[in-house]
A.B. asks: 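Handing you this structure, nothing more for now.
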Protein chains: 2
Amino acid sequence: MRPTIKDVARLANVSTATVSLSINGHARITKETKIKVEKAIKDLGYFPSRSARDLVSRKTGNIGFILTDGHFLKTEPFYTQIFLGTEFEARKHPYYILLATIPTNFKEEDELPRFILENSVDGILIAGRVSKIFLKKIMTYGLPTVMIDFHYSEKNHSAVLIDNMGGVSKATNALISRGHNNIAFLCAEHEHPSIQERYHGYKIALEKNSIPFSEQLIVSLDTIISTESGYDAAKELNKRGVDFSAVIACNDAMAIGAMQFFKETGKQIPEEISIIGFDDIEIDLYQDPPLSTISVPKIDMGQDAFQLMIEILEKRINNHKKIIVPVELILRDSVKTISKLS
Amino acid sequence: MRPTIKDVARLANVSTATVSLSINGHARITKETKIKVEKAIKDLGYFPSRSARDLVSRKTGNIGFILTDGHFLKTEPFYTQIFLGTEFEARKHPYYILLATIPTNFKEEDELPRFILENSVDGILIAGRVSKIFLKKIMTYGLPTVMIDFHYSEKNHSAVLIDNMGGVSKATNALISRGHNNIAFLCAEHEHPSIQERYHGYKIALEKNSIPFSEQLIVSLDTIISTESGYDAAKELNKRGVDFSAVIACNDAMAIGAMQFFKETGKQIPEEISIIGFDDIEIDLYQDPPLSTISVPKIDMGQDAFQLMIEILEKRINNHKKIIVPVELILRDSVKTISKLS
DNA sequence: AGACCTAAGTTAAACGTTTAACCAAAATCA
DNA sequence: TGATTTTGGTTAAACGTTTAACTTAGGTCT
């Protein structure tokens, strides 16, 4: 039988209340008592029972992490990494993370994750794009929520977001400063807020550098973002017969698909076409040439999201804070300097 | 305030014990009472409190999933997939999965996952290789355990294992039947049981096909399995100046490292060297040429492991069952036929 | 008819914490 | 000095279940 607080109390010759107060760092306890208690705890190998704690505190000690099937199954380690970040952070706090996936196309009749129905979480983290229907349904439970890498601007939630605009601006600037003037922009899922922000970052950068904007250089599909849509977008761009020396894809998957197309049509990368993606996923390194990208601090995002949750939970404030995490441009061999600007 | 069992009891005009017995399907309750209780539950939207239940039943409803840092951080989606498999299966049962990572090189003074210390799990799944020290330490808690893709043969545990021997035998046979007689075998971490099994599979296949075995074709490093060690192993093989037309690497990461080395030294794959890995991870497809491999059903393994756990937990039997999951050879462009055998 | 069993509930204790309310002794104050 | 405050603890209730032990009203035997 594992030791309980009573055993500790007995050994330390104090009451259970003293042990509890001591453990939880209450001011009322003197240093000496605390030491006595700590010794007893150590000697017995005592650890408080979670269920007993949860029962009295009316908390569950769990945080739910929700992701769409699509995002998890893609095995792009993108959201997996974010999940891991939350897990890392959760260890420092008295919480566990419970993972659940929901159908990508969540419908009215679909069931919410079991931990919601069973009331087994104190709050939820939602990563990536989810349907409005899902969001509406889950909001009826009134749980503290932090969204990650996605949010509906009209609904007010706490969120951890990527600096999409800044990232693509950086990429665009980098290309411009390396002599590229005709930079194509490939994207899909164009109604996705993040994609719009990325597109915006591209436009802003052109403007700032007084480079004329051309519709012809933009390929915006309404299919789902994927390697295939990257391939298709590159094909469409190619068909237009317009001049370009560089391509920015709205994420790495699309960039990789685009590279595939270009290679098939005999184009040399980066000699003829420079290319930059977004996300910084593992396989970028294994491309030929290695893909340049905007690196997103995925582990950090998970940690930030968890911290934000803790803030809401423990300080009882929910100010719908938004955290924008910075991104970093990583130039690899997929980008070539055409001519240095003086 | 969420309704409690008392509210249900009051509304249904019975005692809380009756409600409890009714919910848990005890025989003593008549159909009519049960219906009354169920109506009250529905009307109130009642859901039993997990912590209260756990406290009294001394169960937690959680299963711990333990992985080393190294294995998770590698972002090889290998163990991530296995984890997902357990999660999928857990949904069908009244359990949640709690994930924790431990230091790859777990030492005596390292702390066990928090959910162990806090007694928040009813059983544990351990995926991938863990140190003996860790295993010894965790076994003192006497928790039902299922190991995945690893086990110490001298300790008797339930486990879900890969058909390592069969897999490599298949690969070897496939190469032989395509005219390869000089097949190199590259591995690292040679004391790892799985690696030994794979090596064994290679030897057996040669024997069966009456192909002479040569020490010169075996590179067995004692470093950790990784892309780098694959690179190094290939280099070592190259240095020996021995003749070979095909290579089997003990996993995909090593195969990819080896391919890198061969490419750097100007060798054509598969024209000059055919190569096969093991695991079937996502990036195989993005290799140039796409890497042939032994495919492991990762999601299935997770599901199997969870089911095994349930069996142990609910049937109260622990027969130290071993499940060997079958593997499949996937031939992609990295393998070339030298000459058909008649 | 009386003894005994059975069926279907109920009562109350227990699980291991936290914490509001209480208390005694020591310190401080007027 | 006696009243009051502060300090450092203790007592006991409460959290929401489960379940062993008990009860009570009918039924069954002989």
Side-chain angles (χ1 to χ4, degrees), chain A residues 1-41 44-62 94-96 118-122 313-314 316, chain B residues 1-38 40-41 44-62 94 114-115 117-122 314:
Chain A
M1 209 73 244
R2 61 192 273 251
T4 75
I5 200 171
K6 283 185 192 165
D7 302 316
V8 176
R10 199 175 310 124
L11 187 59
N13 215 15
V14 293
S15 71
T16 61
T18 303
V19 176
S20 176
L21 294 172
S22 181
I23 288 172
N24 298 302
H26 203 282
R28 211 177 310 159
I29 308 298
T30 56
K31 208 147 201 172
E32 299 90 67
T33 330
K34 200 164 176 182
I35 289 174
K36 237 183 3 183
V37 169
E38 266 158 14
K39 174 156 171 29
I41 287 178
L44 290 170
Y46 166 79
F47 227 100
S49 147
R50 177 160 268 271
S51 34
R53 269 194 167 166
D54 290 348
L55 179 57
V56 56
S57 68
R58 281 110 175 293
K59 293 272 150 241
T60 71
N62 295 325
Y95 286 96
Y96 296 127
E118 295 183 349
N119 245 284
S120 305
V121 292
D122 299 330
L313 247 32
E314 303 198 334
R316 299 281 149 69
Chain B
M1 210 72 246
R2 289 173 70 195
T4 75
I5 202 170
K6 283 185 192 166
D7 301 316
V8 177
R10 199 174 310 125
L11 187 59
N13 215 14
V14 294
S15 72
T16 61
T18 304
V19 177
S20 176
L21 294 172
S22 182
I23 288 173
N24 298 304
H26 203 280
R28 204 163 331 146
I29 309 297
T30 56
K31 208 148 203 170
E32 299 91 66
T33 328
K34 200 165 177 180
I35 290 174
K36 239 186 356 185
V37 170
E38 265 159 14
I41 288 178
L44 290 170
Y46 166 79
F47 227 102
S49 147
R50 188 163 254 275
S51 34
R53 265 194 170 166
D54 292 349
L55 179 58
V56 56
S57 70
R58 282 108 176 293
K59 290 274 149 238
T60 72
N62 296 325
R114 214 182 69 226
F115 56 59
L117 302 175
E118 295 182 346
N119 245 280
S120 305
V121 292
D122 299 331
E314 304 198 335

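As the structure is a computational prediction, the values presented were derived from the model and not from experiment. A note on names: the letters A, B, ... follow the listed sequences, proteins ahead of strands, and every chain is numbered from 1.
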A.B. asks: By the 4.0 Å heavy-atom rule, please label A:Asn24 as base, sugar-phosphate, or nothing.
C.D. replies: sugar-phosphate
A.B. asks: Please compare A:Ala52 and B:Ser57 by the position of their nearest nucleotide in DNA chain D and report the one closer to 5'.
C.D. replies: A:Ala52
A.B. asks: For A:Ser49, which contact category applies under a 4.0 Å heavy-atom criterion: base, sugar-phosphate, or nothing?
C.D. replies: sugar-phosphate
A.B. asks: Heavy atoms only, 4.0 Å cut-off, all strands: where does A:Thr18 land among base, sugar-phosphate and nothing?
C.D. replies: base
A.B. asks: State, to 0.1 Å, how close A:Val14 and A:Lys36 come at their nearest heavy-atom pair, and which atoms those are.
C.D. replies: CG1-NZ, 4.0 Å
A.B. asks: Cut-off 3.5 Å, side chains only: do B:Asp122 and B:Thr60 have a donor facing an acceptor?
C.D. replies: yes
A.B. asks: Taking any heavy-atom pair under 4.0 Å as a contact, classify A:Thr30: base, sugar-phosphate, or nothing.
C.D. replies: sugar-phosphate
A.B. asks: For the backbone of A:Tyr95 and the side chain of B:Arg114, can you confirm whether one donor and one acceptor N or O come within less than 3.5 Å of each other?
C.D. replies: yes
A.B. asks: Identify the 5'-most and 3'-most nucleotides of DNA chain C with at least one atom closer than 4.0 Å to a non-hydrogen atom of chain A.
C.D. replies: C:dG16 to C:dA21
A.B. asks: Base, sugar-phosphate, or nothing: which does A:Ser20 touch, judged by heavy atoms less than 4.0 Å apart?
C.D. replies: base
A.B. asks: If you assign each of B:Ala17 and B:Ser51 to its closest nucleotide in DNA chain D, which residue comes earlier from the 5' end?
C.D. replies: B:Ser51
A.B. asks: Counting N and O atoms only, with roles assigned by atom type, does the side chain of A:Arg50 sit under 3.5 Å from a partner on the main chain of B:Phe115, one being a donor and the other an acceptor?
C.D. replies: no
A.B. asks: D:dT7 C1' sits how many Å from A:His26 NE2, rounded?
C.D. replies: 13 Å
A.B. asks: Answer with base, sugar-phosphate or nothing: what part of the nucleic acid does A:Thr33 contact at a heavy-atom distance below 4.0 Å?
C.D. replies: sugar-phosphate
A.B. asks: Taking side-chain contact (heavy atoms from CB on, under 4.5 Å) as the criterion, tell me which of B:Ile5, B:Val8, B:Thr33 meets it with B:Thr18.
C.D. replies: B:Thr33
A.B. asks: Could you tell me whether the side chain of A:Arg53 and the main chain of A:Lys59 form a donor-acceptor pair under 3.5 Å?
C.D. replies: no
